[in-house]
Protein chains: 2
Amino acid sequence: MNSEFNIAVHCLTLLSLKKDHMANSDEIAKSVCTHPARVRKVLGLLRKQGYVTTKEGVGGGYLLNADSANVTLGDLYRLLARGSLQPSWCSGGGETTCVVSEHIQEVMERIYNGGELALERHYDNITLLDVTRDIQSETKP
Amino acid sequence: MNSEFNIAVHCLTLLSLKKDHMANSDEIAKSVCTHPARVRKVLGLLRKQGYVTTKEGVGGGYLLNADSANVTLGDLYRLLARGSLQPSWCSGGGETTCVVSEHIQEVMERIYNGGELALERHYDNITLLDVTRDIQSETKP
DNA sequence: AAAACTGTTATGCTTATAATTACAGATGAG
DNA sequence: CTCATCTGTAATTATAAGCATAACAGTTTT
């Protein structure tokens with residue numbers, strides 16, 4: 001499981017809490033605690049979905065789209081983490097005549113896909129606004 | 001995400017489909033397509049939960065417990081894969097004064113835990129018997 | 001024209017996952 | 001009793017995935 005989903009949530013939350021809803025990759029990278037190039041990669045994908053717009057050149061950076069408060073974690077999961085439930089290594093597929101070995105991969109694939117759907121449905125109920133509120137409520141408990 | 005959950009499902013399905021519900025780690029490893037030592041590690045954990053019993057010595061191996069048809073994928077997930085939704089690398093935690101950076105880790109942890117609960121609830125509705133039926137129905141479609 | 005950004009690719013580093021080896025301990029067969 | 005066979009477990013090596021870093025072309029503002 002890579003962390004791009006995590007990074008996306010972080011970036012969008014950060015932007016939504018900034019007064020002008022804007023920051024460049026250097027500033028965001030410091031907050032996320034990673035390299036600017038990694039931030040740019042994730043935010044590039046978010047841009048293609050219309051969640052942010054970018055401004056190149058001096059004083060540029062990433063600007064949060066106004067409606068992005070309604071983006072759900074499900075949207076972000078599907079974009080950045082779908083398929084990560086299924087491990088890269090899977091059992092079976094050998095050269096035996098064993099029924100299980102021959103068919104386990106299709107069965108497990110269905111199991112992982114079903115799990116992922118359940119996960120996505122859960123995340124569909126959490127919006128970016130919920131997350132920003134969570135962050136804020138941590139400061140004044 | 002490692003594959004021990006996958007291996008556990010495979011092993012138990014295999015045992016349940018064998019006439020005498022028994023096999024040793026060599027035979028299972030061939031079906032799973034991995035090293036016997038890895039099978040033993042997983043099945044050792046399943047033994048501690050009472051899902052199988054082991055018989056050492058000549059002609060020994062693993063024997064499926066009679067009630068194991070009712071074991072759910074949720075049980076196996078909790079035993080072998082819990083916590084794997086949260087990646088090892090997580091954002092934030094830097095030395096900034098940024099609110100997001102300071103609190104994102106607690107928030108993301110709750111998000112991952114919530115996701116995992118949703119996943120477990122889903123898997124709680126799938127029994128080993130369901131999986132064995134799935135495997136069998138692949139052979140005669 | 002110069003400086004400050006993003007977008008993207010290539011490369012190296014680190015960590016996680018799987019394979020392999022090895023051996024002690026247990027059990028049944030002869 | 002002794003040997004062969006099996007599990008349990010730990011240590012080591014190999015492979016793959018994830019992250020960091022560097023580099024540079026393209027774009028925009030000043």
Side-chain angles (χ1 to χ4, degrees), chain A residues 1-8 10-11 15 20 22-64 80-94, chain B residues 1-8 10-11 15 20 22-64 80-94:
Chain A
M1 177 83 140
N2 80 23
S3 310
E4 296 191 347
F5 169 69
N6 181 164
I7 292 176
H10 189 130
C11 292
L15 289 175
D20 50 1
M22 184 150 195
N24 68 26
S25 65
D26 258 32
E27 181 181 353
I28 298 174
K30 282 205 182 71
S31 171
V32 170
C33 221
T34 187
H35 200 276
R38 197 160 182 225
V39 170
R40 291 200 289 271
K41 187 186 170 216
V42 173
L43 282 174
L45 294 168
L46 297 183
R47 179 181 60 81
K48 285 172 187 159
Q49 300 298 314
Y51 302 147
V52 300
T53 54
T54 61
K55 207 179 143 191
E56 298 188 348
V58 182
Y62 297 90
L63 174 68
L64 188 67
L80 298 164
R82 168 165 257 176
S84 62
L85 209 59
Q86 179 161 352
S88 45
W89 188 95
C90 280
S91 78
Chain B
M1 178 82 140
N2 80 23
S3 311
E4 296 192 347
F5 169 69
N6 181 167
I7 292 176
H10 189 131
C11 293
L15 288 176
D20 50 2
M22 183 146 194
N24 67 24
S25 64
D26 259 31
E27 181 181 353
I28 298 174
K30 281 204 185 71
S31 170
V32 170
C33 221
T34 186
H35 200 276
R38 198 163 181 222
V39 170
R40 292 201 289 271
K41 188 186 170 214
V42 173
L43 281 174
L45 293 168
L46 297 182
R47 180 181 58 80
K48 285 174 187 159
Q49 301 298 313
Y51 301 147
V52 299
T53 55
T54 63
K55 208 178 142 191
E56 298 189 348
V58 181
Y62 296 90
L63 174 68
L64 188 68
L80 297 164
R82 168 166 258 177
S84 63
L85 209 59
Q86 178 161 352
S88 45
W89 188 95
C90 280
S91 78

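Just so we're on the same page: letters track the sequence lines, and every chain starts at 1.
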* Structure fact -> From CD1 of B/I28 across to C1' of D/dT7 the rounded distance in Å is 11 Å
* Asked: Looking only at heavy atoms, what is the nearest atom pair of B/M1 and A/S84, with distance?
  -> CB-O, 4.4 Å
* Structure fact -> Heavy atoms of A/N24 and A/G60 approach each other most closely as CB-O, 3.7 Å
* Nearest-Å distance for atom pair CH2/P, residues A/W89 and D/dG18 -> 17 Å
* Asked: In whole angstrom, what separates A/K41's NZ from D/dA20's C1'?
  -> 13 Å
* Write down the atom of A/M22, the atom of A/G61, and the distance for their closest heavy-atom approach. => CE-N, 3.7 Å
* Take the protein atom CG of B/L46 and the nucleotide atom P of D/dG8, then report the distance between them rounded to whole Å. => 11 Å
* For D/dT7, take OP1 and OP2 only and decide whether either is under 4.0 Å from a side-chain N or O of B/S25. => yes
* Structure fact -> Note: B/A29 and B/H35 closest approach over all heavy atoms is CB-C, 4.0 Å
* Protein-nucleotide distance (A/E4, atom CD; D/dG18, atom P), rounded to Å -> 9 Å
* Asked: Quick one: how far along DNA chain C does chain A reach, first to last nucleotide 5' to 3', anything under 4.0 Å to a heavy atom?
  -> C/dA3 to C/dA19
* Asked: For the residue pair A/L46 and A/L80, what are the closest heavy atoms and their distance?
  -> CD2-CD1, 4.5 Å
* Does a side-chain N or O from A/T34 land closer than 4.0 Å to OP1 or OP2 of D/dA20, or not? -> yes
* Can a salt bridge be assigned to the pair A/E4 and A/R38 using a cut-off of 4.0 Å between side-chain N and carboxylate O? -> no
For nucleotides 22-30 of chain D, give me every protein contact, N/O to N/O, under 3.5 Å, one pair per line with atom names.
| from | atom 1 | to | atom 2 | distance (Å) |
| --- | --- | --- | --- | --- |
| D/dT27 | O4' | A/E56 | OE1 | 2.6 |

* Look at the side chain of A/N6 and the backbone N and O of B/S91, then say whether any donor-acceptor pair between them is shorter than 3.5 Å. => yes
* **Side chain B/S3, main chain A/W89, donor-acceptor under 3.5 Å** => yes
* Asked: Between B/C33 and A/G92, which heavy-atom pair has the shortest distance, and what is it?
  -> CB-O, 3.6 Å
* Interatomic distance where CG belongs to A/N2 and P belongs to D/dA20 [whole Å] -> 11 Å
